[in-house]
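Only one structure is covered here, and it is reproduced in the block below.
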Amino acid sequence: MAQLERELGEKLFDRTERQVRLTAAGQAFLPHARAALQAAATGRDAVSALRGVLAGHLAIGTVPAPPATLLDRLGHFRRRHPRVRFTVRTGDPEQLVQQVVAGDLDTALIGTAGPRLPAGPAGQRLPATLAAREFGHEPLVIAVAAGHPLAAGADAALSDLHEQPLVTLTPGTGLRAALEHACAEAGLTPDVRAETDDLALLAELVEHGFGIALMPRSAARRLGPRLVALPLRHPTLGRPLTLIWRRDHITAQARAFLETEPPATPAP
């Protein structure tokens, strides 16, 4: 450290008998030191990859309550590349897109409001710097509390939402956009009584009788043990899922994840 200070011509630390603190020069140098360490780690990972050993870090984003297919793929990736560390973050589509664009996430699974690519969150176009691939299509269901009058039925129609109090996610989410788009197509005005940015809390609001909700089927089953999930008979709705990543910068970890296909489930 003393040699580095001599090369820089500045003291990086104020040293006293009781503590060591960064000087102004030290504060200015700190982010560059961190970047250099990160670059060195990335370089080591690249050399390891040449030997067929993938290491390092994969930062992936996902919609709340991700489908089991994503977890299956992550599990298969981990078994193939046990030295890779994971960070998994959840967020709404706009947040995830911004984090991928900024390089804070290597890739992300987002819900989109329409079936065509490269449609982005809430029907917006994805930035040109991002690449996208369809990941799947998860059915949406009407989730009601166990004692709700609709709970006795085998399924539900979108028209059943008429004059029903609704709970939903906040604007900017794919689920909110899907609800508003479907209601507009059907000539319905949704009576939103409560909204939240937390899908787990959304399930609890339904359970406690705040209203009914349009939810991904997997989320209704996983997050709401006391919910009744009613398939939609007309019209059928789904949550298109899309993997996104940066075109101009894709890490070896992200590339390997995107190329990973979980083993097929054997037929019963």
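In what follows, residues are counted from 1 in the order of the sequence shown.
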Taking [Y]'s backbone N and O only, do any of them form a donor-acceptor pair with [X]'s side chain (distance below 3.5 Å, no angle check)?
| X | Y | result |
| --- | --- | --- |
| Glu259 | Ala256 | no |
| Thr107 | Ile244 | yes |
| Thr170 | Glu195 | no |
| His76 | Asp72 | no |
| Arg83 | Gly56 | no |

Separation of [Y] [atom2] from [X] [atom1] (nearest 0.5 Å):
| X | Y | atom1 | atom2 | value |
| --- | --- | --- | --- | --- |
| Ile110 | Leu126 | CD1 | CG | 5.0 Å |
| Leu241 | Leu109 | CG | CG | 5.0 Å |
| Phe257 | Leu58 | CZ | CG | 6.5 Å |
| Asp104 | Arg89 | CG | CZ | 6.0 Å |
| Phe86 | Arg78 | CZ | CZ | 7.5 Å |
| Glu207 | Leu223 | CD | CG | 9.0 Å |

Applying salt bridge (Lys or Arg N to Asp or Glu O under 4.0 Å), which residue pairs with at least one partner in residues 208-222 are found, sequence neighbours left out? none

Quick check: closest heavy atoms across [X] and [Y], and the distance to 0.1 Å?
| X | Y | answer |
| --- | --- | --- |
| Leu202 | Thr168 | CD1-N, 3.5 Å |
| Ala182 | Leu237 | CB-CD1, 3.6 Å |
| Gln95 | Gly91 | OE1-CA, 3.5 Å |
| Arg73 | Leu258 | NH1-O, 3.7 Å |
| Arg247 | Leu130 | NE-O, 3.1 Å |
| Ala194 | Leu205 | CB-CD1, 4.4 Å |

As a test of understanding, state which of Thr129, Val100, Thr251, Asp106 forms a side chain to side chain contact (heavy atoms under 4.5 Å, CB included) with Arg246. Val100

Does any part of the side chain of Val97, heavy atoms only, come nearer than 4.5 Å to the side chain of Pro127, both counted from C-beta? yes

If two hydrophobic side chains count as joined below 4.5 Å and joins carry through other members, does [X] share a cluster with [Y]?
| X | Y | value |
| --- | --- | --- |
| Leu243 | Val88 | yes |
| Leu199 | Leu71 | no |
| Leu230 | Val167 | yes |
| Met215 | Val63 | no |

Side chains of residues 138-161: which donor-acceptor partners sit under 3.5 Å, not counting sequence neighbours?
residue : atom : partner : partner atom : Å
Glu138  : OE1  : Arg239  : NE           : 3.4
Glu138  : OE1  : Arg239  : NH2          : 2.6
Glu138  : OE2  : Ser218  : N            : 2.9
Glu138  : OE2  : Ser218  : OG           : 2.3
His148  : ND1  : Leu150  : N            : 3.0
His148  : NE2  : Gln164  : OE1          : 3.3
Asp155  : OD1  : Arg233  : NH1          : 2.8
Asp160  : OD2  : Ala157  : N            : 2.8

Salt bridge check, Arg176 against Glu180: does any charged N sit closer than 4.0 Å to a carboxylate O? yes

